[in-house]
Engineer: 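To start, I am sharing the structure in question, which I have written as structure tokens.
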There are 2 protein chains.
Amino acid sequence: MGMRNYKNISAFFKVLSHPTRLMIVKELLNGKKCVSDIRDLIKARQSNISQHLSLLKLNNIVAYKQKGKMKCYFLKKPRLIRDILKVFL
Amino acid sequence: MGMRNYKNISAFFKVLSHPTRLMIVKELLNGKKCVSDIRDLIKARQSNISQHLSLLKLNNIVAYKQKGKMKCYFLKKPRLIRDILKVFL
DNA sequence: TTTTCATATTCGTATATTCGAATGTATTTA
DNA sequence: TAAATACATTCGAATATACGAATATGAAAA
């Protein structure tokens, strides 16, 4: 996907360079999840999860759909994420 | 390669999350280079290049061989690096 | 409308990262 | 040995990141 230069690619790595964000992204590979689902899967406070989700959204890695009072987050480029993580198997 | 968990993988991303370090790594994909070669390729001060190389070495991404008064740096896992960057083409 | 539930934002503080300038350390050459 | 070359390390200041606590928002249920 259109990320040719160093700054874009290193910025992308920076977003994935936090264990919590990496966990979130990995969980989202299995499908949409709302914030409380993610919070149950990952040991972290609600505000912290929200903060990381916000950064992921800012960097165009996730988006969400409102479902009632919940927000269901999903990966915007699941194949990119999958391809990258595949390298570490 | 042997990087199972979130912490290891996110730490690896963190090392690549700086434009200068990513540039260094990309240049080293073309083969060994000594510090002054790298400095010529990348617009940065000598001490700064050294600092980034030191971090790359600490994280087991590069190593070097002494050649006279120069140090020739090279990638320890060039295929891993190549495979990761390939994803962004 | 009030309350409740799900999530977001703000704020303060602690910690980490980055860089340049200066200095240190080998190694080689004179 | 002394000077030069190549690179590393240290230090301090600026900036960035991370987190929890508290508070805010917004949708739905009562």
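Labels below follow one simple rule: chain letters A, B, ... track the order of the sequence lines, proteins then strands, and each chain is numbered from 1.
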Engineer: Using a 4.5 Å cut-off on heavy atoms from C-beta on, say whether the side chain of A:Asn8 contacts that of A:Phe12.
Structural biologist: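 SC-SC contact between A:Phe12 and A:Asn8 ruled out.
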
Engineer: Starting from A:Leu41, can I reach A:Met70 by hopping between I/L/V/M/F/W/Y residues whose side chains sit under 4.5 Å apart?
Structural biologist: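 Different clusters.
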
Engineer: Where along residues 25-37 of chain A does a heavy atom fall under 4.0 Å from DNA chain C?
Structural biologist: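 Hits under 4.0 Å, by residue number: A:Cys34, A:Val35, A:Ser36.
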
Engineer: Write down the distance between CG (B:Leu55) and C1' (C:dA16), rounded to a whole number of angstrom.
Structural biologist: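 Spelled out: CG on B:Leu55 to C1' on C:dA16 is 12 Å.
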
Engineer: What is the distance from CG of B:Asp40 to C1' of D:dC7, rounded to the nearest Å?
Structural biologist: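 That distance rounds to 14 Å.
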
Engineer: Determine, stepwise, if the pair A:Ile24 / A:Val62 fulfils side chain to side chain contact (heavy atoms under 4.5 Å, CB included).
Structural biologist: CA-CA 10 Å; A:Ile24 291 173; A:Val62 304; 5.5 Å; no

Engineer: Is the A:Phe13 ring parallel, tilted or perpendicular to the B:Phe88 ring (thresholds 30°, 60°)?
Structural biologist: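 The arrangement is perpendicular - the two ring planes meet at more than 60°.
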
Engineer: Are A:Leu55 and A:Leu16 connected into the same hydrophobic cluster when the rule is that any two of I, L, V, M, F, W, Y join if their side-chain heavy atoms are below 4.5 Å apart?
Structural biologist: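 They do not share one cluster, since no chain of ILVMFWY contacts under 4.5 Å joins A:Leu16 to A:Leu55.
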
Engineer: Take the protein atom CG of B:Asn59 and the nucleotide atom C1' of C:dT17, then report the distance between them rounded to whole Å.
Structural biologist: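 After rounding, the reported distance stands at 13 Å.
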
Engineer: Quickly work out the B:Arg39 CZ to D:dA6 C1' distance and round it to whole Å.
Structural biologist: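 Rounded to the whole Å, the gap is 9 Å.
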
Engineer: Which distance, rounded to the nearest 0.5 Å, do you find between the SG of A:Cys34 and the NZ of A:Lys69?
Structural biologist: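 So the SG of A:Cys34 and the NZ of A:Lys69 are separated by 12.0 Å.
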
Engineer: Specify the separation, in whole Å, of atom CE of B:Met70 and atom C1' of D:dA4.
Structural biologist: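 Atom CE in B:Met70 sits about 13 Å away from atom C1' in D:dA4.
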
Engineer: Remember a base hit wins even if backbone is also touched, and classify B:Lys14 as base, sugar-phosphate or nothing at under 4.0 Å, heavy atoms.
Structural biologist: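 The residue B:Lys14 makes sugar-phosphate contact but no base contact.
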
Engineer: Round to a whole Å and report the spacing from CG of A:Leu58 to P of D:dA16.
Structural biologist: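 Distance, rounded to whole Å: 15 Å.
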
Engineer: Could you run through nucleotides 19-30 of chain C and give me one letter per nucleotide, 5' to 3': B if any protein heavy atom sits under 4.0 Å from the base, S if only the sugar-phosphate is that close, - if neither?
Structural biologist: BBBB----SS--

Engineer: To the nearest 0.5 Å, what is the distance between CD1 (A:Ile42) and CD1 (A:Ile49)?
Structural biologist: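 If I round to the nearest 0.5 Å, the distance is 4.5 Å.
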
Engineer: Students often get this wrong, so: under 4.0 angstrom with heavy atoms, is A:Tyr73 touching a base, only sugar-phosphate, or nothing?
Structural biologist: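 Touches sugar-phosphate only.
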
Engineer: Tell me whether A:Lys33 forms a cation-pi arrangement with A:Phe74, defined as NZ or CZ under 6.0 Å from the six-membered ring centre and within 45 degrees of its axis.
Structural biologist: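 Verdict for A:Phe74: no cation-pi partner in A:Lys33.
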
Engineer: Mind checking salt bridge (charged side-chain N to carboxylate O under 4.0 Å, His left out) for A:Lys86 and listing every partner two or more places apart, or none if nothing turns up?
Structural biologist: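 A:Lys86: salt bridge (charged side-chain N to carboxylate O under 4.0 Å, His left out) contacts with A:Asp83.
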
Engineer: Without decimals, in angstroms, what is the distance between B:Lys7 NZ and D:dA18 P?
Structural biologist: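 Taking NZ of B:Lys7 and P of D:dA18, I get 15 Å after rounding.
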
Engineer: Rounded to the nearest angstrom, tell me the gap between atom CD1 in A:Ile49 and atom P in D:dA18.
Structural biologist: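 For the pair A:Ile49 CD1 and D:dA18 P, the rounded distance is 14 Å.
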
